[in-house]
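Take a look at the structure set out below.
To find a chain, count down the sequence lines: A is the first, B the second, and so on, and within it residues start at 1. Keep in mind that what you see is a predicted model, and the values were worked out from it rather than measured.
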Amino acid sequence: MEKKLYNITDLGSGDGGKGTVVHKVATMKKAHTIVKRGGGQGQHGASNSRGEKFAFSHWGCGTLEGIQTYISSLMIISPVGMLNEALSLKYQCGIHNAFDLLTVDKRVLCATVYHGISSRLKELARGDNPRGTIGTGVGEAYRYLEHFSELAIRAGDLGRSDLKDILASVRQQIITDLSSIIEGEFLPSDREEAESEIGLLYSEKFFELATRRLSEAGQRAKIVDADYLRREILSRDGVVVVESSHGILTDHFHGFYPHVSAIRTLPCFTYARLEEAGYDGQVVNIGVHRAYEIKHGAGPMPTDDPAMAESLLPGSHKDGNRYQGNARVGPLDLNLMRYAIEVCGGPSVFDGLAITWFDQIQKNGVWHVCDHYRNVDDPKYFTPSGAIRIRRGVDDAQIAYQEDLGKQLFRCIPEITTHDILSVAKQDDLYSLCASVLQENLKVPVRMVSFGPTERDKICK
Amino acid sequence: MSKEDKGAETRETFTEEIKKRTHGKSGPATAEAEQKAKKTGKLHPLVDPAGYGVIRRSLPRFIQRDDGLWEMAVGTPMPKEDRLDTTTSMHDSTDVAIQVLPDSYGLCLSVLPGYDLQMATGVFGDIQDPIVLCRPQFEMTAAKIVESLTLMVPLRDGGDIPEDPHYGIFGAAYLTDTYISKIGLKGYDFTITDAPARHRLDEKQLIRIYGTEVFKKAAENGHQIVASDLPSTTEVVQDLLKRAHAFVLQVYNRSDTTEFWTEVFGRERVIVLPSTQMLPQVQAAVIGLTEGTLDLLQVTDFLRENNISKEDAKRITRSVAGIPIGLQAALPNFSKRPKKGDLFRSKTDIWPIDPSEIDVRAEADGEGSKPEEGVEWL
């Protein structure tokens, strides 16, 4: 058997349904390992045909099947979140040995509880002008790494005898940086929460607990050397699946600032890591997207249509939170998908698309798709055909451009094509419809369409 | 193999764990949890009835083999849930439960050979109190069982009569998912109290205790509970009895207490418990008789051998004489229950595979450890 690696990339804002696709690919191809990259704050839901389900953050979406997870150096973890996730796996799924199924690269950056507090306080301080964050501190840990690298805590540091001192320095720096926010005003509805966060920031008992928990995570997780990926995973025959957090539209330099992640989400970073590890097997790239558009919280979303919330997210569209914001939905935006694909290097980069949540389209009996926008006259941001222009860069000018592009997108008016779905249509017919529409518009073949949460609900061709 | 897959614990490990958690500390082992709850009004998620998805699960411990099969690491999981009254005269029951824990575990294990004993010892108070119920997870290691007990928030004083253990019994009946009931056997459930309860549940209290998703979770677990037409305590107990051998261990001898619980559970399931100190011995006697690992003639000797006075041993024996003896052993699948080392195709399968299937599989696999290729796709 040959070596093969499936790289799963979310082509939207990160809510595409990657978890179920990773689970499907990992079970179908009998993967030996899932390699995680991105941030450990995401909630990748996976359900299997045996009735088990779980929302994974640090463990890969094949954990229910006993597939090993390797947390690569391209991931930022929350060690305390990891301990909690292990307990949830135990109590909700009966996985008593979760840490036996996990290895962590020693270079992995750790988000501490103080990064989480910082992230949440900053978002609360934005009042009614939210940026949107999950609030676990993963992005904050990355930003701190850029400015105060000496304060970075890596997985390999969790066993250090001076861990307490490092954490104390992290806390002190965060207190200093937040001083104006701490003394500032919050919305009346946020005041209680803000006070509670500030209280934790100064609490010595909480500090002691935070230190203990960090250290416990270091003891329980199997932390491995930098060569482990090459030596133990990529050199093995069989299948590896790379599971990334976030989506292309939240990439730090290609998302729409300020509604972006601190980290890079493009697949090229995975390739670089594979190359570095001397990987010589086959790589298969799968782009994931829902059959409709979805985004949590603020930011540009041209096809946003609140009237569709109940039909596309029945019963759950109000399940938002203060930090992430409510989920917004609308017709599938092929223009944004094209943009995401181009950002990644174009259609040839992808071997196939996995389209999720088509069962909801089937239930609704109608599929709304946006192929292009109106109000796209500014040639700086749009091509003559109306496609979003790509600018490449990793500097402040790039961020400024992306911010302006986001503003332009707010002004776009989507043109919607509606496909009626006959009630007698079979899943194969729907697969064909989905494949033909997307192939024609995106030039990437559809290779998986999902009609439900489990691996058995997914048609692969 | 993880620490948690190594098998049953010993009394010594429990004694050590208790020492570790109480050494050098003054006051009860639960003092820190009590202080925290007083300050925040919240329970630790491990003992909060609403924590970790509300449903309490007792599932087998498996080790995945290289050939993809799942090996039962310890034995058929045997859940034992206790809820201790912590009001007024029973204010110190949690402290006693911690003190007698090594015996509780050791004696129960002695009458449950081959099982994977999983314990969840919770406490209850009164709906007038800030904390009505602490409901831990089913735990199987000494460290976690002791940790759970130290996270309890006993009421200690206050409370009125009647008390409110029926909210805990509700959870045991509808918010518990156990492997043992899937194979047609039953776990154990004990309510330890000196007071009667109430006949009715209140929707608001259920939501307060188990969270807003309580009815959704019950439905997910196979029980359609209608908020506007809640079952009575008697009906809840009847449902509990479908999945557990459930008993009330009555401390002291208030006649209204006996009357209430006899009406709800039936005479044969209300047992005298001379003092909470004797909880391990009485529970072990009840379990042993139900499993058929003890017979009635042995009970007095069993109790005497385990430090119960002659007089108390006689009282307890008289009290347990009426329980449904041998009921577990009489269930059709009793002798078929999976044991340590049995192999399962999937970890959610109910029954292990037939050993003959393993040989066929090994032959079909041919080259043994070579990775198996998945289906053709990309």
Side-chain angles (χ1 to χ4, degrees), chain A residues 1-4 6 24-32 48-55 64-68 84 86-101 196 199 205 209 220 236-239 282-286 315 350-352 354 445 447-448 458-461, chain B residues 1-6 32 35-36 39-40 44-46 51-66 68-70 73-74 77 116 118 120 136-141 144 147 177-179 216 220 222 345-350 367 369-378:
Chain A
M1 191 187 180
E2 292 172 354
K3 288 185 272 186
K4 208 167 188 177
Y6 290 83
K24 171 68 181 178
V25 175
T27 51
M28 173 170 63
K29 303 302 289 184
K30 298 189 186 299
H32 60 76
N48 63 29
S49 51
R50 301 192 307 270
E52 295 175 298
K53 58 181 178 179
F54 195 77
L64 296 174
E65 330 302 327
I67 298 170
Q68 289 282 333
N84 292 338
L87 281 181
S88 294
L89 280 165
K90 176 180 165 185
Y91 296 132
Q92 290 172 31
C93 306
I95 298 176
H96 301 283
N97 60 343
F99 278 103
D100 289 353
L101 295 171
S196 159
K205 264 194 161 179
L209 176 69
R220 298 203 62 192
R236 266 175 79 179
D237 279 350
V239 171
Q282 187 188 346
V283 176
V284 178
N285 278 300
I286 307 292
F350 291 95
D351 297 278
R447 302 306 301 264
M448 183 192 298
K458 289 168 177 60
I459 296 181
C460 295
K461 292 190 179 180
Chain B
M1 186 187 283
S2 78
K3 201 176 158 188
E4 297 209 336
D5 290 334
K6 281 183 183 158
E32 204 178 317
Q35 267 174 11
K36 251 186 206 164
K39 200 172 159 192
T40 64
H44 190 287
L46 278 177
Y52 291 102
V54 184
I55 298 169
R56 299 295 182 257
R57 296 172 206 275
S58 161
L59 303 171
R61 291 191 259 179
F62 283 116
I63 299 163
Q64 191 175 23
R65 301 196 335 168
D66 290 344
L69 295 176
W70 298 82
V74 186
D116 177 8
Q118 305 189 347
Q137 307 286 336
F138 286 105
E139 303 284 5
M140 55 292 280
T141 63
K144 295 303 283 185
E147 182 191 5
D177 174 24
T178 64
Y179 170 81
K216 192 177 149 195
E220 190 183 308
R345 194 169 303 285
S346 151
K347 64 186 160 69
T348 48
D349 281 357
I350 305 292
E367 289 177 60
S369 63
K370 197 174 171 189
E372 203 179 337
E373 193 151 8
V375 300
E376 272 304 313
W377 180 76
L378 279 177

Structural part of A:L101 lying under 4.5 Å from a heavy atom of chain B: neither
A:K3 atom NZ: more than 12 heavy-atom contacts under 6.0 Å: yes
Portion of B:P60 that has a non-hydrogen atom of chain A nearer than 4.5 angstrom: backbone
Carboxylate-amine/guanidinium contact A:E65 B:K347, below 4.0 Å: no
Partner chain B: residue of A:I286, A:L87, A:V284, A:N84 with the largest heavy-atom pair count (under 4.5 Å): A:L87
Region of A:V239 in contact with chain B, defined by heavy-atom distances below 4.5 Å: neither
Gap separating the OG atom of B:S346 from the CG atom of A:N48, nearest 0.5 angstrom: 7.5 Å
For B:K36, side-chain contact (heavy atoms from CB on, under 4.5 Å) partners two or more places apart: B:E32
Smallest separation among heavy atoms of A:G66 and B:W70, with atom names: CA-CH2, 3.8 Å
Test salt bridge (Lys or Arg N to Asp or Glu O under 4.0 Å) applied to A:D351 - qualifying residues, sequence neighbours left out: none
Stepwise side chain to side chain contact (heavy atoms under 4.5 Å, CB included) check, A:I95 with B:F62: CA-CA 8 Å; A:I95 298 176; B:F62 283 116; over 6 Å; no
Result of checking B:K144, B:Q137, B:R57 against A:K90 for side chain to side chain contact (heavy atoms under 4.5 Å, CB included): B:K144
When B:T348, B:L59, B:L378 are compared by non-hydrogen pairs under 4.5 Å with chain A, the top option: B:L378
B:K216, NZ: over 12 other non-hydrogen atoms inside 6.0 angstrom: no
Trace of the side chain to side chain contact (heavy atoms under 4.5 Å, CB included) decision for B:R56 with A:Y91: CA-CA 7 Å; B:R56 299 295 182 257; A:Y91 296 132; over 6 Å; no
Distance, nearest 0.5 Å, that separates NE2 of A:H96 from OG1 of B:T141: 10.0 Å
Spacing of B:K39 atom NZ and A:K205 atom NZ [to the nearest 0.5 Å]: 6.5 Å
Main-chain N/O of B:W377 paired with A:K29 side-chain donor or acceptor, under 3.5 Å: yes
